Amino acid sequence: MAVFNQGIIFNQVDTSNPNCWTLEEYEARGGYQGLKKIIDEKISPEDVIAIVKDSGLRGRGGAGFPTGLKWSFMPKDHKGDKYVVCNTDEGEPGTFKDRDILRFNPHALVEGMIIAGYAMGCTAGYNYIHGEIFEEYQLFEKCLEQARKAGYLGKNILGSDFSYEVYAHHGYGAYICGEETALLESLEGKKGQPRFKPPFPAAVGLFGQPTTINNTETFTSVPFIIRDGADKFGQYGVENAKGTKIFSVSGHVEIPGNYEIPLGTPFKEVLEMAGGVRKGHQLKAVIPGGASAPVLPADIIMNITLDYDAIQKAGSMLGSGAVIVMDEGVSMVKALERLSYFFYEESCGQCTPCREGTGWLYRIVNRIASGQGRMEDLDLLESICGNISGRTICALGDAAVFPVRGFLKHFRNEFVECIENQQAPANHRWF
């Protein structure tokens, strides 16, 4: 698995060095200079938030909300505790960037969480780590201990009056816990199910206190911004999509891996970096933002850039940055069957439209894939999508709908062929 970068998160990280994750190696790359700058120059919390705003950093977990603006929502006059929470519950199929941040550059995440805690006046931070990456969880615990011994965490950080602690929490592998309020429920020891909003976490979050939740990659971008400045960060990327982004490229490519590149890079360049389509096959389709993003056919994806606006205009979304590449041998019917099964299995069951609707979507697609479909099934799928979308507490219902609508929009002919011939796809390969 490759780690290729032209950016800031993996900058100068020698991933072949087994000690690249250590405090000593991180400090040699300029690590914790951003935090020291804040303490030494007595930069106010308000100014730190202003710098993050000026950088144009947007959330890297999927929604793309401006980070500095999100931080500014935290109440300044709150008398009790306030919390920072990092979402490392990386459960989206096709996404594996946050795992590699924990493996190769975890102290950048620790520093980013500390800076965020300082900026928002928080007393503690929690990193909720996906339940299926236990070694990375253990590694992060070691990083926290190194940071404490060096004076970057705990009481009176670097001799200042700023005190702050960070804790790691190991999740249980539930996809729904990637939703921020379900994550909070799980972090509190309860069943991971989404909360009604409002109130939003900035008002009532972890343990009932104001809380800001950001993705791993988002926090990891912050030390560079503080150390080198918002303008330097803004030199990467394009308008409305500043900085670099890690894209997890998987599927039918020669060199799958994480590629940290400037936002706005043409997709065809990323495909070339990944060695092109595997074994010289032809590109058929790409899911550009993880399993929940609508699929795009080759003729569209090859002519767009990888940034929020361009992908949205093309009819999909940047999402988590998981680029799933499919060649001409993939059956779109079988691929959708697999994706629909995933969302059916991962629904928490709290909302009726999602609990019942995801099951119906899977069973109907399965019926078509088994050669027993009916033409009216296509309209029925569309109808079910309409009864799920926008009718659930969280976005899992929409996440289940997007693949169905995308596959039917661009590859409807394959579904029609299965139904008309009353047989399973000639090619049974779903990936």
Side-chain angles (χ1 to χ4, degrees), residues 62 92-94 175-176 179 251 284-301 311-312 314-317 319 322 324 326 328-431:
E92 182 80 4
Y175 176 74
I176 192 62
E179 195 278 333
K284 182 173 184 177
V286 173
I287 302 175
S292 58
V295 66
L296 294 175
D299 61 337
I300 293 179
I301 192 71
I311 296 179
Q312 184 178 21
S316 190
M317 57 187 183
I324 303 172
M326 294 178 277
E328 80 276 14
V330 173
S331 163
M332 293 293 109
V333 179
K334 297 297 291 185
L336 180 59
E337 180 188 28
R338 190 72 183 94
L339 291 172
S340 296
Y341 180 75
F342 171 81
F343 290 110
Y344 166 49
E345 282 289 298
E346 293 295 340
S347 173
C348 76
Q350 184 174 195
C351 305
T352 302
C354 181
R355 181 183 67 245
E356 302 299 325
T358 53
W360 277 106
L361 290 177
Y362 165 67
R363 286 189 289 271
I364 293 171
V365 175
N366 173 257
R367 184 164 69 203
I368 295 172
S370 301
Q372 302 173 36
R374 307 184 293 259
M375 289 304 296
E376 55 265 32
D377 283 342
L378 302 181
D379 291 334
L380 183 56
L381 285 172
E382 294 282 5
S383 175
I384 294 170
C385 286
N387 284 317
I388 298 175
S389 184
R391 300 172 187 270
T392 55
I393 295 174
C394 81
L396 191 146
D398 291 293
V401 163
F402 286 145
V404 175
R405 285 179 166 166
F407 276 81
L408 289 179
K409 177 181 178 181
H410 296 294
F411 300 98
R412 192 181 188 90
N413 62 305
E414 293 193 28
F415 292 83
V416 171
E417 183 179 349
C418 282
I419 295 170
E420 288 181 341
N421 295 337
Q422 285 292 287
Q423 62 184 27
N427 189 339
H428 288 267
R429 181 156 62 87
W430 64 271
F431 202 70

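We use all heavy atoms of the structure for the numbers below, so side chains are in, but hydrogens, waters and symmetry mates are not. What you see is a predicted model, and the numbers here were worked out from it, not measured in a lab.
Atom CZ of Arg338 sits about 8.5 Å away from atom OH of Tyr362, to the nearest 0.5 Å. Distance OG/Ser316 to CD1/Ile300: 10.0 Å, rounded to 0.5 Å. Separating the CG atom in Asp377 from the CD atom in Gln372 is a distance of 10.5 Å, to the nearest 0.5 Å. The structure places CG of Asn366 at 10.5 Å from OH of Tyr341, a figure rounded to the nearest 0.5 Å. Summarising the geometry, atom CD1 belonging to Ile368 is positioned 5.0 Å from atom CG belonging to Leu381; distances are rounded to the nearest 0.5 Å. Atom CG of residue Leu408 and atom CD of residue Glu414 lie 11.0 Å apart, to the nearest 0.5 angstrom.
For the side-chain contact (heavy atoms from CB on, under 4.5 Å) with Val333, the qualifying choice from Phe415, Phe411, Phe407 is Phe415, the only one to do so.
Between the side chain of Gln422 and the backbone N or O of Ile419, at least one donor-acceptor pair lies under 3.5 Å. Checked by atom type and distance alone, the side chain of Glu382 never pairs as donor or acceptor with a backbone atom of Arg405 at under 3.5 Å. With hydrogens and angles disregarded, no donor-acceptor distance shorter than 3.5 Å links the side chain of Lys334 to the backbone of Pro425. Checking side-chain atoms of Arg391 against main-chain N and O of Cys354 turns up no donor-acceptor pair under 3.5 Å.
Using modelled atom types, one finds a donor on one side chain and an acceptor on the other under 3.5 Å when comparing Thr352 with Arg355.
A 6.0 Å sphere centred on CD of Gln312 holds no more than 12 heavy atoms belonging to other residues, nucleotides or ligands. Heavy atoms of other residues, nucleotides or ligands lying less than 6.0 angstrom from OH of Tyr344 number 12 at most.
Looking only at side-chain heavy atoms (C-beta outward), Leu396 and Cys348 stay at 4.5 Å or farther from each other. In this structure, the side chains of Cys394 and Gln350 stay at 4.5 Å or more apart for every pair of heavy atoms.
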Go through it in stages, so that I can follow the logic: the residues are Ile287 and Val295, the test is side chain to side chain contact (heavy atoms under 4.5 Å, CB included), and I'd like the CA-CA distance, side-chain angles, deciding distance and then a yes or no.
CA-CA 4 Å; Ile287 302 175; Val295 66; 3.9 Å; yes
Applying side chain to side chain contact (heavy atoms under 4.5 Å, CB included), run through Met332 and His410 and close with a yes or a no.
CA-CA 10 Å; Met332 293 293 109; His410 296 294; over 6 Å; no
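The two residues Pro353 and Thr392 have their closest heavy-atom pair at CB-CG2, 4.2 Å. Ala369 and Glu337 get closest at one heavy-atom pair: CB-OE1, 3.7 Å.
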